[in-house]
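Notes to accompany the following structure.
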Amino acid sequence: MSARLPRGFADRGPAELAATRDMLDTIRKVYERYGFEAVETPAFEYTDALGKFLPDQDRPNEGVFSLQDDDEQWLSLRYDLTAPLARYVAENFDRLPKPYRSYRAGWVFRNEKPGPGRFRQFMQFDADTVGSGSVAADAEICMMAADTLEALGIARGDYVIKVNNRKVLDGVMEAIGLAGDANAGRRLTVLRAIDKLDRLGVEGVRLLLGPGRKDESGDFTKGAGLDENIADLVATLFRPGQGSPQIPWDSIKNIPLAHVGWAERERSFIQDLEFIESNYLTVDMFGFVTWDLLRKNQLEWNDTLETGIRELIEISRLVEKAGFARDRIRIDPSVVRGLEYYTGPVFEAELTFEIPGDDGKPVRFGSVGGGGRYDGLVSRFRGEKVPATGFSIGVSRLAAALQKLGKLASAEPAGPVVVVPRTAALAPHCMRLVQRLRDDEALRALPGFAAEMYLGGGSFKGGLRYADKRRCVVAIMIGESEAEAGKAVVKDLIEGAEQAKAIETNAEYRAQRLAQFEAAEAELPAAIREILARHTV
RNA sequence: GCAGCUGUAGCUCAGUUGGUUAGAGCGCCUGACUGUGGAUCAGGAGGUCGGUGGUUCGAGUCCACCCAGCUGUACCA
């Protein structure tokens with residue numbers, strides 16, 4: 001039998017654990033400052049509570065890890081933290097304050113094809129506001145996401161929280177005649193195509209919206225089958241970075257409304273925009289461009305679309321007033337996200353900086369989190385409607401990005417002070433000594449201080465080799481003569497290694513006892529503190 | 001899932017048109033060094049060449065299938 005790690009799972013060493021712990025701590029502080037409170041739910045849920053099982057099968061869908069309980073009920077490992085929260089809120093609805101603001105971190109599991117940076121178990125850190133239908137809740141979540149990324153050390157300008165609204169997408173679908181249950185499949189295809197804008201570009205997406213697309217490997221993806229001009233319209237409309245469309249603000253303002261003959265509702269909508277400050281230009285323009293494109297294609301404006309755009313404008317207004325400019329939170333119509341349960345605003349946190357990859361080509365990390373409004377999730381468990389919105393950070397992915405940025409400790413933490421007995425008979429003497437170090441007030445006050453006696457057998461040098469591998473800074477050596485004299489030899493391992501680089505010959509090496517000195521037992525803590533201080537800053 | 005590429009020591013890789021006992025560097029272990037990691041020197045362990053079957057006098061090398069990995073694509077609640 002060979003020892004092997006299951007595909008798509010990862011072991012984590014001390015360096016990674018320490019880094020993740022720091023990261024979670026930082027995120028938690030931001031969330032708590034916003035007034036969110038902690039909750040934890042288990043890794044397993046009843047499969048139906050996760051809301052995903054195929055209609056005509058009694059077996060849970062692939063994609064989740066599932067097993068049958070002894071009462072034959074299906075259990076699944078959670079694939080995100082949102083569905084379990086909905087279950088928790090529904091189950092404890094009466095005693096929770098509303099709106100309920102909660103955060104939680106935990107492992108989630110997906111039974112999918114793993115890849116570089118894609119695991120079948122990974123950590124998410126979520127925050128949600130349940131019980132508020134106000135777009136202020138959505139705006140706040142976006143603000144918090146931006147603050148969180150900055151708290152983690154990502155500079156302003158190196159990230160952006162992109163915001164869109166499912167109602168806009170739905171409204172456009174409606175306008176191009178894809179409303180209704182009969183078109184659900186094609187709607188999905190269109191949404192997926194839009195989702196790929198950043199990767200495939202406008203051309204690729206236009207193909208996906210129309211006849212279909214063949215990729216480099218020759219694989220063919222079936223398209224949505226839209227008419228060419230409609231595909232054009234959709235691809236243009238949801239182009240990413242829509243922030244600077246071709247039409248300048250002035251030309252919108254100066255449109256002679258009466259002359260174009262807009263319907264009353266449309267006119268009032270556009271007139272509204274005139275009162276909006278220039279910072280909301282993106283949404284305004286998007287609204288106008290949408291309106292204009294629809295009109296040119298003889299398609300109708302609709303309520304869903306208007307509501308969606310008005311919500312986006314409102315969110316822009318809120319975050320702007322709170323001091324979040326467009327370099328942090330930005331409306332981007334190409335954001336699609338979670339195709340299933342989102343009902344309103346959707347968000348995506350994206351890292352915008354590039355880093356040279358292994359092959360030298362610049363690599364973007366892209367999305368490190370996302371979320372949105374899911375007004376239907378909790379109500380699956382209760383009669384009444386419970387609006388909710390939330391955001392989820394992909395911890396592992398973000399950690400990888402931070403590591404590349406150098407914002408995360410990547411080195412293994414320094415090892416303990418190791419006391420090495422010269423012979424086995426000295427073990428009691430050393431054990432007493434090491435315990436005195438652990439009990440020393442001043443040493444204990446040092447962050448991360450640890451002391452241990454070398455427990456390995458073999459030769460004396462084994463102890464030093466061990467200290468080396470553990471990245472220890474200080475070794476204490478005790479032989480018979482030292483024990484009798486109540487003394488110890490203290491060695492600065494880092495300084496010793498440094499000095500050894502200059503040594504060329506064996507004789508010289510033997511002659512030197514690099515970076516070590518003898519100290520009385522009582523002076524040990526002070527000597528150790530001095531060496532540690534030398535190397536920890 | 002589909003397509004293309006790749007599988008030689010713990011790691012990174014060599015291995016000539018198919019030809020003897022398959023190599024290197026790093027790492028690991030042991031020793032030298034009067035009681036010392038890191039320097040130096042000497043030695044050692046470790047591979048059914050991803051697996052199975054085939055072609056051949058002979059296969060790490062050629063062929064088929066399988067498995068695994070990488071890349072793209074699809075899916076990702």
Side-chain angles (χ1 to χ4, degrees), chain A residues 2-4 7-8 45 47 49-54 60-64 76 78-84 86 108-116 118 120 122 188-189 192-193 195-196 199-200 204 208 212-222 336-342 357-359 367 370 374 376-377 380 392 394 415 418 420-423 426 454 458-483 489-516:
Chain A
S2 63
R4 55 202 194 104
R7 206 160 66 96
E45 293 283 346
T47 301
L50 294 178
K52 186 70 173 197
F53 50 100
L54 295 175
N61 195 0
E62 289 176 25
V64 294
S76 295
R78 61 187 176 193
Y79 52 77
D80 69 15
L81 297 179
T82 309
V108 301
F109 304 83
R110 295 189 186 177
N111 195 0
E112 295 164 358
K113 174 187 163 184
R118 284 183 64 121
R120 296 203 285 175
F122 57 96
L188 212 61
T189 310
R192 283 174 188 157
D195 201 26
K196 294 181 179 68
R199 211 157 29 107
L200 303 181
L208 280 178
R213 173 180 177 272
K214 192 184 279 192
D215 68 50
E216 306 90 86
S217 68
D219 203 19
F220 183 77
T221 310
K222 200 171 58 153
V336 177
R337 287 211 62 85
L339 309 167
E340 208 75 11
Y341 57 56
Y342 291 119
D358 297 335
D359 52 359
S367 172
Y374 49 99
L377 257 194
R380 293 191 306 125
S392 173
V418 172
V420 186
R422 168 79 191 120
T423 66
L426 290 166
Y454 176 61
S459 60
F460 178 51
K461 62 165 43 171
L464 285 169
R465 254 204 274 264
Y466 170 82
D468 198 38
K469 269 213 167 119
R470 286 287 308 267
R471 301 165 158 273
C472 297
V473 174
V474 179
I476 311 284
M477 294 170 278
I478 311 278
E480 285 88 346
S481 49
E482 285 84 7
V489 176
V490 182
K491 190 175 183 86
D492 178 338
L493 293 170
I494 293 181
E495 182 60 28
E498 192 55 41
Q499 291 178 14
K501 284 180 187 161
I503 292 187
E504 301 274 322
T505 70
N506 197 4
E508 195 182 349
Y509 171 74
R510 270 169 46 210
Q512 305 273 358
R513 285 287 178 256
L514 293 174
Q516 65 186 60

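Every chain is numbered from 1 and lettered A, B, ... according to where its sequence line falls, protein lines coming before strand lines. If you're wondering where the values come from, they're calculated on a predicted model, not measured in any experiment.
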Students often get this wrong, so: under 4.0 angstrom with heavy atoms, is [X] touching a base, only sugar-phosphate, or nothing?
X: A:Lys222; result: nothing
X: A:Thr82; result: nothing
X: A:Ala500; result: base
X: A:Arg118; result: base
X: A:Glu480; result: nothing

Note to self: Rounding to an integer number of Å, can you tell me how far A:Arg7 CZ sits from B:rG69 C1'?
What the structure shows: 9 Å
Note to self: Tell me the interatomic distance from A:Arg465, atom CZ, to B:rU36, atom P, rounded to whole angstroms.
What the structure shows: 11 Å
Next item on the list: Using the P atoms only, state how far B:rG19 lies from B:rA59, rounded to an integer number of Å.
Entry: 11 Å
Margin query: Nearest 0.5 angstrom please: A:Met477 CE to A:Arg422 CZ, how far?
Written below: 11.5 Å
Check: Out of curiosity, A:Lys491 NZ to A:Leu464 CG, how far, rounded to the nearest 0.5 Å?
Finding: 7.0 Å
Next item on the list: Just say parallel, tilted or perpendicular for the rings of A:Tyr454 and A:Tyr466, cut-offs at 30° and 60°.
Entry: tilted
Note to self: When you measure only distances, ignoring hydrogens and angles, does the side chain of A:Glu482 come within 3.5 Å of the base of B:rG35 through a donor and an acceptor?
What the structure shows: yes
Please name the nucleotide paired to [N] by Watson-Crick or G-U wobble geometry with both distances under 3.5 Å, or report none.
N: B:rU21; answer: none
N: B:rG31; answer: B:rC41
N: B:rC62; answer: B:rG54
N: B:rG4; answer: B:rC70
N: B:rC26; answer: B:rG10

Notebook entry, point to check: Taking side chain as C-beta onward, heavy atoms only, is A:Arg118 less than 4.5 Å from A:Glu112?
Noted result: yes
Using only side-chain N and O atoms of [X], determine if any of them is under 4.0 Å from OP1 or OP2 of [N].
X: A:Arg192; N: B:rC75; result: yes
X: A:Lys461; N: B:rG37; result: yes
X: A:Lys113; N: B:rG69; result: no

Note to self: Applying the 5.5 Å / 30° rule, does A:Tyr79 stack onto the base of B:rA77?
What the structure shows: yes
Margin query: Nearest to the A:Glu112 side chain among B:rU36, B:rG37, B:rA77, which nucleotide is it?
Written below: B:rA77
